[in-house]
Amino acid sequence: MREGLAGYLRKKNVSYYPGAGELTGLRAPAGVAARARSILADHGQRVRSFLENAMPDFTRGWQPGTSSFRPVEEEGRGLSAHASNELVHIDAGAYGATHGDRILRFFVNLNPSRSRVWISKGSFEELWRKHAAEAGMPSGSLTPALPERAFSALVRAAGKVAPLSRVIDSSPYDRRMRRFHNWMKDTPSFQEPPHQRFEFGPLSAWMVLSDGVSHACIRGQHALVDTFLVPLRNCKLPAPYHFLSGAAA
Ligand SMILES: [Fe+2]
């Protein structure tokens with residue numbers, strides 16, 4: 001998989017959507033696509049079972065998202081600022097609306113000889129305290145107005161049939177998170193050192209609530225990434241939702 005897919009990529013990631021059974025990012029002969037699909041589906045199922053067994057309370061009622069393979073070298077990819085993985089950010093908006101639910105990502109560095117290198121500027125809480133005012137972040141009620149609530153309910157209902165429709169949904173929470181995310185990527189002084197640096201060695205695995213810890217991947221090639229949406233109610237510690245709504249100070 002590591003070398004074999006390179007010629008068939010259409011996007012920066014090859015992603016498998018378990019609900020829809022759909023594979024995106026690849027234009028390849030049927031045999032290659034079927035093999036990629038079964039590798040990602042099997043891996044995603046293994047990760048899901050592992051985490052559900054290890055953390056039954058935390059994963060209760062969660063929604064498995066994509067299983068993705070990231071085949072491209074992260075260093076110097078030259079993507080646009082808002083898409084760039086090399087700029088420090090918190091995850092927001094990549095999956096449409098979460099309404100405050102948490103984004104859990106489970107990574108495996110498939111590279112047999114090179115580390116995957118991350119940098120961070122700290123937790124959401126630290127960044128909120130330090131930069132919310134400078135970023136012009138509003139705080140206070142995140143309750144959507146009635147028309148938006150009705151729209152979100154419709155999208156959720158549709159999502160049971162076509163999981164990707166969730167992407168068109170939005171909410172005050174998701175818009176504020178996206179705004180903070182964009183401010184981070186658009187503010188050169190914020191991107192300056194000092195950074196904490198994390199090296200994930202060949203064939204190691206790690207997981208992160210990626211809406212709650214700032215991160216950028218500055219080096220590495222060939223990783224598997226599984227994404228899950230964890231219900232906010234399962235979180236015992238203050239979450240971004242609580243800071244944005246003013247409930248946690
Ligand atoms: Fe990210």
Side-chain angles (χ1 to χ4, degrees), residues 47-48 50-52 54-66 68 82-108 116-135 137-140 142 166 170-187 190-191 194-200 204-218 223 225-249:
V47 171
R48 180 179 177 177
F50 168 66
L51 294 175
E52 286 177 347
M55 305 185 294
D57 292 339
F58 190 61
T59 58
R60 187 160 295 126
W62 73 349
Q63 265 194 27
T66 52
S68 291
H82 285 185
S84 176
N85 218 9
E86 286 181 67
L87 294 170
V88 177
H89 64 281
I90 47 154
D91 282 353
Y95 283 85
T98 79
H99 298 268
D101 289 345
R102 308 298 308 275
I103 303 171
L104 179 72
R105 297 196 129 155
F106 188 96
F107 293 80
V108 178
R116 197 167 181 89
V117 182
W118 281 21
I119 53 174
S120 173
K121 301 275 292 183
S123 69
F124 180 92
E125 179 174 351
E126 290 167 319
L127 297 181
W128 176 256
R129 291 187 198 288
K130 218 164 156 185
H131 299 292
E134 184 189 351
M137 294 296 297
S139 108
L142 289 170
R166 190 178 176 117
S170 179
S171 77
Y173 169 79
D174 291 285
R175 286 192 290 273
R176 276 187 211 171
M177 284 294 275
R178 189 69 189 169
R179 181 168 171 168
F180 206 24
H181 162 279
N182 288 351
W183 177 84
M184 291 177 193
K185 285 188 170 174
D186 290 340
T187 307
F190 171 76
Q191 295 293 330
H195 301 123
Q196 288 166 274
R197 187 183 164 94
F198 300 90
E199 292 213 12
F200 303 103
S204 64
W206 65 101
M207 65 178 161
V208 58
L209 285 166
S210 57
D211 54 359
V213 178
S214 66
H215 57 279
C217 181
I218 58 166
V225 189
D226 284 78
T227 304
F228 303 88
L229 286 183
V230 178
L232 177 62
R233 63 175 178 274
N234 296 2
C235 297
K236 297 207 169 84
L237 296 173
Y241 186 93
H242 303 118
F243 292 100
L244 291 180
S245 67

- Can you tell if the side chain of Arg102 reaches within under 4.5 Å of the side chain of Cys235, non-hydrogen atoms only? yes

Side chain to side chain, Leu127 and Met184, heavy atoms closer than 4.5 Å | yes

Evaluation steps, side-chain contact (heavy atoms from CB on, under 4.5 Å), between Met137 and Trp183:
CA-CA 10 Å; Met137 294 296 297; Trp183 177 84; 6.0 Å; no

Parallel, tilted or perpendicular for Trp206 and Phe107, by the 30°/60° rule? parallel

The test is side-chain contact (heavy atoms from CB on, under 4.5 Å); show your working for Thr59 and Val230 and say whether it passes.
CA-CA 6 Å; Thr59 58; Val230 178; 5.9 Å; no

CZ of Phe243 to CZ of Arg129, rounded to nearest 0.5 Å, is 5.0 Å

Checking Phe180, Phe124, Phe190 against His131 for ring-ring contact (aromatic ring centres under 6.0 Å, His included), the one that qualifies is Phe190

Closest non-hydrogen contact found for Leu232 with Asp101 is N-OD1, 2.9 Å

Rounded to the nearest 0.5 angstrom, the OG-CD distance for Ser120 and Gln196 is 5.0 Å

Under a 3.5 Å threshold, yes or no: a donor from one side chain and an acceptor from the other, between Asn182 and His89? no

When every non-hydrogen atom of Lys185 is compared with those of Val88, the smallest separation belongs to CG-O, 4.2 Å

Heavy atoms of Asn234 and Phe58 approach each other most closely as ND2-O, 2.8 Å

Thr98 and Asp174 have their tightest heavy-atom pair at N-OD1, 2.8 Å

(Q) Does the plane of the ring in Tyr173 sit parallel, tilted or perpendicular to the ring in Tyr241? Use 30° and 60° as the thresholds. (A) tilted

Interatomic distance, CG@Leu209 vs CG@Leu237, rounded to 0.5 Å, equals 9.5 Å

To the nearest 0.5 Å, atom CD of Glu125 lies from atom NZ of Lys130 at 13.5 Å

Separation between CG (Leu244) and CZ (Arg175), nearest 0.5 Å, reads 12.5 Å

Scanning both residues in full, the closest heavy-atom pair of His99 with Ser170 reads CE1-O, 3.9 Å

Practice task
Please check if any side-chain donor atom of Trp118 sits under 3.5 Å from a side-chain acceptor atom of Glu199, or the reverse.
Solution key: no

All heavy atoms of Leu104 vs all of Met207, minimum pair found to be CD1-SD, 4.3 Å

### Task
Check the pair Phe198 / His215 against side-chain contact (heavy atoms from CB on, under 4.5 Å), numbers first and verdict last.
CA-CA 10 Å; Phe198 300 90; His215 57 279; over 6 Å; no

request  = List the steps and the verdict of side-chain contact (heavy atoms from CB on, under 4.5 Å) for Phe228 and Leu51.
outcome  = CA-CA 10 Å; Phe228 303 88; Leu51 294 175; 4.0 Å; yes

Distance col, row Asp91:CG vs Ser214:OG, nearest 0.5 angstrom, shows 10.5 Å

Are Pro240 and Met177 packed together at the side-chain level, in the sense that at least one heavy-atom pair is separated by less than 4.5 angstrom? yes

Identify whether the distance between the nearest side-chain nitrogen and carboxylate oxygen of Asp226 and Arg105 falls below 4.0 Å. no

Is a donor on one side and an acceptor on the other found under 3.5 Å between the side chain of Asp211 and the backbone of Ile103?
yes

